[in-house]
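What follows is one structure encoded as structure tokens, with my remarks underneath.
Keep in mind it's a predicted model, so treat the numbers as computed, not measured. Just so it is clear, the values below take in all heavy atoms, side chains as well, and ignore hydrogens, waters and symmetry mates.
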Amino acid sequence: MARIAGVDLPRNKKMGIALTYIYGIGNHLSGKVLDKANVDPMKKADDLSEDEVARIREVLENDYKVEGDLRREVSMNIKRLMDLGCYRGLRHRKNLPCRGQRTHTNARTRKGPRKAIAGKKK
């Protein structure tokens, strides 16, 4: 089993898809990484040689920020906004959407389940 950036890649998936299991890598970036490392995207993760895994690992370490480093950077950016007290930071602090979505009727993912209000029946 290939282990790259602290993530065990799924054995039965093609490399183009398997790399997307790493935080910070999507379909497009996985294709770029595999091109740089000279690895066939249609090859299964099980069929990779140690040399190919090392090449992929090297490309990711040198050129891209993934997994722990990326998670840390994103959380630090959110923390910085909250410390500044800007509008986006306040929305993060209150656990509300911060990109302009309406919250009167929607935003249940961010706000959580509805809370019953006493005396509000129709």
Quiz item: Is Arg108 atom CZ crowded by more than 12 heavy atoms from other residues, nucleotides or ligands, each under 6.0 Å away?
Solution: yes
Quiz item: Do the non-hydrogen side-chain atoms of Arg91 and Thr103 ever get within less than 4.5 Å of each other?
Solution: yes
Quiz prompt | Counterpart residues, side-chain hydrogen bond (donor to acceptor under 3.5 Å, both in side chains), relative to Lys43 (two or more places apart) | solution = Glu52
Quiz item: Would you say Lys111 has more than 12 foreign heavy atoms packed within less than 6.0 Å of its NZ?
Solution: yes
Self-check item: Donor-acceptor contact present, side-chain Lys44 to main-chain Asn12, <3.5 Å
Solution: yes
Self-check item: Expected output: side-chain Asp69 to main-chain Lys65 donor-acceptor under 3.5 Å
Solution: no
Practice problem: Verify the distance criterion only: is there a donor paired with an acceptor across the side chains of Thr105 and Arg102 at less than 3.5 Å? | Solution: yes
Practice problem: Verify the neighbour count for atom CD of Glu50: are there more than 12 heavy atoms of other residues, nucleotides or ligands below 6.0 Å? | Solution: no
Quiz item: Checking Arg71 side chain against Tyr23 main chain: does a donor-acceptor pair fall under 3.5 Å?
Solution: no
Exercise. Taking side-chain hydrogen bond (donor to acceptor under 3.5 Å, both in side chains) as the test, write out the residues that go with Arg55, two or more places apart.
Key: Asp51
Quiz item: At their closest point, which heavy atom of Arg88 faces which heavy atom of Leu81, and how far apart are they?
Solution: NH2-CD1, 3.4 Å
Practice problem: Taking all heavy atoms of Lys36 and all of Asp63, pick out the closest pair and write down the distance. | Solution: NZ-OD2, 3.1 Å
Exercise. Search all heavy atoms of Asp83 against all heavy atoms of Arg93 and return the closest pair with its distance.
Key: N-NH2, 4.5 Å
Quiz item: Nearest heavy-atom pair of Gly24 and Leu29: which atoms, and what distance?
Solution: O-CD2, 3.5 Å
Quiz item: Looking only at heavy atoms, which two atoms of Asn27 and Ser30 are closest? And how far apart?
Solution: O-OG, 2.8 Å
